[in-house]
A.B. asks: 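The structure's right below; bear with me while I get my questions together.
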Amino acid sequence: MNSVTYAILTLLKEANTHLSGTWIGRELRISRSAVWKHISLLREQGYDIESVPRRGHLLRASADTPWAEEVAPLLTTGSFGREFVYHDRVDSTNAVAAAMAAEGGAEGTVVSADSQRAGRGRLQRKWISPPVGNLYFSIILRPRTGPERVAQVGLVAAAALHRALTGECPGLRAGIKWPNDILADGRKLAGILCEAKSEADVIHYVVVGIGINVNARSFPKELGDSATSIRRETGSDCDRPRLLAAVLNAFEEDYRRWLDARDLTPRLPYLEKHSLLAGKSVVAAGIDRRRSGKVRGLSATGQLLLETEEEGITGISSGDVHLLVR
Ligand code: BT5
């Protein structure tokens with residue numbers, strides 16, 4: 001958004017009442033017709049502005065677009081979201097963020113989009129990313145720690161995402177399914193994809209990508225009955241910029257605490273409390289083998305602890321877990 005348009009938006013937000021075109025023009029040293037032009041631009045961008053002759057312009061509702069203009073004023077962070085790039089449409093916010101990270105993009109940089117042409121899941125899977133109503137964003141992190149802790153970043157993100165979702169959306173009952181899913185009523189509401197560039201003993205960057213089904217009312221056939229949205233679960237629409245800011249605020253707080261600790265210990269109680277797998281019989285499908293057993297918790301390094309008949313308690317580091325009974 002251009003800086004004059006943004007200045008008018010800020011004046012309208014602060015005023016909370018009608019502002020005349022003459023007054024706005026005088027404040028910003030532009031003509032009344034220029035004020036009109038910018039007000040029209042704001043309307044095109046989704047801002048609901050009432051204009052009444054002799055009274056002026058009143059902002060009735062802000063745009064629900066997850067861009068810096070709406071997210072930045074709600075941030076309580078030091079670095080998360082302070083650099084913020086928004087696109088209407090990209091292939092994948094993770095791909096854009098990774099390219100920025102490779103060029104030196106700062107820790108906390110956020111790439112957000114209204115839709116993705118080629119949203120990515122783990123292991124070459126797809127994240128279906130239709131326009132209008134959901135959140136797709138990626139954050140660049142540069143943790144000063146060894147590569148063996150990369151997998152823990154996704155779990156820290158999952159705990160923060162769960163905390164923000166349940167804090168912002170009254171009535172939402174959701175849980176965390178190791179390693180990277182947020183489910184509600186057994187259906188997937190949000191997913192996390194961590195992609196890292198590291199060497200033997202140093203992490204160059206991690207890109208944490210988060211997709212949340214926010215106000216989606218329907219889902220493509222290929223997802224069958226496996227997906228849900230906040231709107232579906234709670235019956236009401238959720239303000240996307242507010243939710244995105246809440247996720248960034250929670251994530252930065254948890255991330256800093258995790259960096260200061262040696263492992264996941266500070267977040268384990270939260271992850272255990274909201275785990276959908278605790279005590280459940282599951283099949284864990286790793287890259288090399290499948291194991292069946294009962295989930296006995298999470299280790300401080302982020303492994304899922306599975307008790308199997310053959311091996312007793314073993315730690316699972318990666319893969320997909322399927323519940324045998326919901
Ligand atoms: C994930 O992978 O859950 C990670 C999803 C991360 C998406 C974000 S969006 C912003 C950023 N940019 C990207 O390109 N990606 C990240 P995984 O656990 O592999 O789950 C993928 C599976 O979830 C698919 O195979 C589908 O079965 C299902 N799925 C795909 N799209 C979905 C959606 N919109 N809602 C619910 N489930 C979906």
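When a ligand or atom number is given, it counts from 1 through the structure's own listing order.
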A.B. asks: Near Thr93, which atoms of ligand 1 are under 4.0 Å from a heavy atom of that residue?
C.D. replies: 10 (C), 11 (C), 12 (N)

A.B. asks: Does the pair His57 and Trp36 meet the rule for a ring-ring contact (aromatic ring centres under 6.0 Å, His included), with working shown?
C.D. replies: CA-CA 10 Å; His57 311 284; Trp36 261 110; 5.2 Å; yes

A.B. asks: Which atoms of ligand 1 sit under 4.0 Å from any heavy atom of Ser92?
C.D. replies: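 It comes down to these atoms of ligand 1: 12 (N), 13 (C), 14 (O).
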
A.B. asks: Is the shortest side-chain heavy-atom distance between Leu161 and Ile192 below 4.5 Å?
C.D. replies: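 A side-chain contact exists here, since the closest heavy-atom pair is under 4.5 Å.
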
A.B. asks: Looking at atom 1 (C) of ligand 1, what's its closest protein heavy atom, distance included?
C.D. replies: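 Atom 1 (C) of ligand 1 sits closest to the protein heavy atom Asn180 ND2, 3.6 Å.
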
A.B. asks: Identify the closest protein heavy atom to atom 5 (C) of ligand 1: which residue and atom is it, and at what distance?
C.D. replies: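 It is Trp127 CE3, 3.4 Å.
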
A.B. asks: If you measure from the Lys or Arg side-chain nitrogens to the Asp or Glu carboxylate oxygens, is any gap between Asp185 and Arg173 under 4.0 Å?
C.D. replies: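 No, Asp185 and Arg173 are not salt-bridged.
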
A.B. asks: Where's the contact between Leu189 and ligand 1, heavy-atom distance under 4.0 Å: side chain, backbone, both or neither?
C.D. replies: neither

A.B. asks: Could you pull out, from Lys126, Gln116, Glu195, Arg120, the option with a heavy atom nearest to atom 12 (N) of ligand 1?
C.D. replies: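 Looking at heavy atoms only, Gln116 sits closest to atom 12 (N) of ligand 1.
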
A.B. asks: Under a 4.0 Å heavy-atom limit, does Asn134 contact ligand 1 with its side chain, its backbone, both, or neither?
C.D. replies: neither

A.B. asks: Donor-acceptor pairs are to be reported for all side-chain atoms of residues 62-77 against protein atoms at under 3.5 Å, with residues two or more places apart or in another chain.
C.D. replies:
residue: Asp64; atom: OD1; partner: Arg240; partner atom: N; Å: 2.8
residue: Asp64; atom: OD2; partner: Arg240; partner atom: NE; Å: 3.1
residue: Trp67; atom: NE1; partner: Tyr47; partner atom: OH; Å: 3.3
residue: Glu69; atom: OE2; partner: Met1; partner atom: N; Å: 3.3
residue: Glu70; atom: OE1; partner: Lys13; partner atom: NZ; Å: 3.2
residue: Glu70; atom: OE2; partner: Lys13; partner atom: NZ; Å: 2.9
residue: Glu70; atom: OE2; partner: Tyr47; partner atom: OH; Å: 2.6
residue: Thr76; atom: OG1; partner: Asn249; partner atom: OD1; Å: 3.2
residue: Thr77; atom: OG1; partner: Phe80; partner atom: O; Å: 2.6
residue: Thr77; atom: OG1; partner: Arg82; partner atom: NE; Å: 3.4

A.B. asks: Which salt bridge (charged side-chain N to carboxylate O under 4.0 Å, His left out) pairs, counting each pair once, include a residue from residues 259-274, with sequence neighbours left out?
C.D. replies: Asp254-Arg267

A.B. asks: More than 12 non-hydrogen atoms from neighbouring residues, nucleotides or ligands closer than 6.0 Å to CZ on Arg242, yes or no?
C.D. replies: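 Open.
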
A.B. asks: Would you tell me which option among Arg125, Arg122, Arg117 has the nearest heavy-atom contact to atom 2 (O) of ligand 1?
C.D. replies: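 Result: the heavy atom closest to atom 2 (O) of ligand 1 is in Arg122.
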
A.B. asks: Tell me the protein heavy atom at minimum distance from atom 3 (O) of ligand 1, and give that distance in Å.
C.D. replies: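 Nearest protein contact, heavy atoms only, for atom 3 (O) of ligand 1 is Lys188 NZ, 2.7 Å.
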
A.B. asks: Counting non-hydrogen protein atoms only, what is the nearest one to atom 35 (N) of ligand 1? Give residue, atom name and distance.
C.D. replies: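 Nearest protein contact, heavy atoms only, for atom 35 (N) of ligand 1 is Asn213 ND2, 2.8 Å.
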
A.B. asks: Please verify whether a non-hydrogen atom of Leu223 lies at under 4.0 Å from ligand 1.
C.D. replies: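 Leu223 counts as a contact of ligand 1 under the 4.0 Å cut-off.
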
A.B. asks: Out of all atoms in ligand 1, which are within 4.0 Å of some heavy atom of Phe137? Include the element for each.
C.D. replies: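 Once the distances to Phe137 are compared, the set is 10 (C).
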
A.B. asks: Near Ala227, which atoms of ligand 1 are under 4.0 Å from a heavy atom of that residue?
C.D. replies: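 Result: 35 (N), 36 (C).
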
A.B. asks: Under 4.0 Å from a heavy atom of Gly119: give me the atoms of ligand 1 that qualify, with their elements.
C.D. replies: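 With Gly119 as reference, the close atoms of ligand 1 come out as 14 (O).
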
A.B. asks: For Arg117, look at atom CZ and say whether over 12 heavy atoms of other residues, nucleotides or ligands are found less than 6.0 Å away.
C.D. replies: yes

A.B. asks: Using heavy-atom distances only, which candidate in Ile212, Ile128, Val207 approaches atom 34 (N) of ligand 1 most closely?
C.D. replies: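 When every heavy atom of Ile212, Ile128, Val207 is considered, Ile128 comes closest to atom 34 (N) of ligand 1.
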
A.B. asks: Could you tell me whether Glu310 and Arg289 make a salt bridge, using a distance below 4.0 angstrom between a side-chain N and a carboxylate O?
C.D. replies: no

A.B. asks: Got a salt bridge between Arg256 and Glu107, using NZ or NE/NH1/NH2 to carboxylate O under 4.0 Å?
C.D. replies: yes

A.B. asks: Is it the side chain (CB and beyond), the backbone, both or neither of Ser138 that lies under 4.0 Å from ligand 1, heavy atoms counted?
C.D. replies: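 For Ser138, only side-chain atoms sit under 4.0 Å from ligand 1.
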
A.B. asks: Determine, for Asp320 against Lys177, whether the closest basic-nitrogen to carboxylate-oxygen distance falls under 4.0 angstrom.
C.D. replies: no

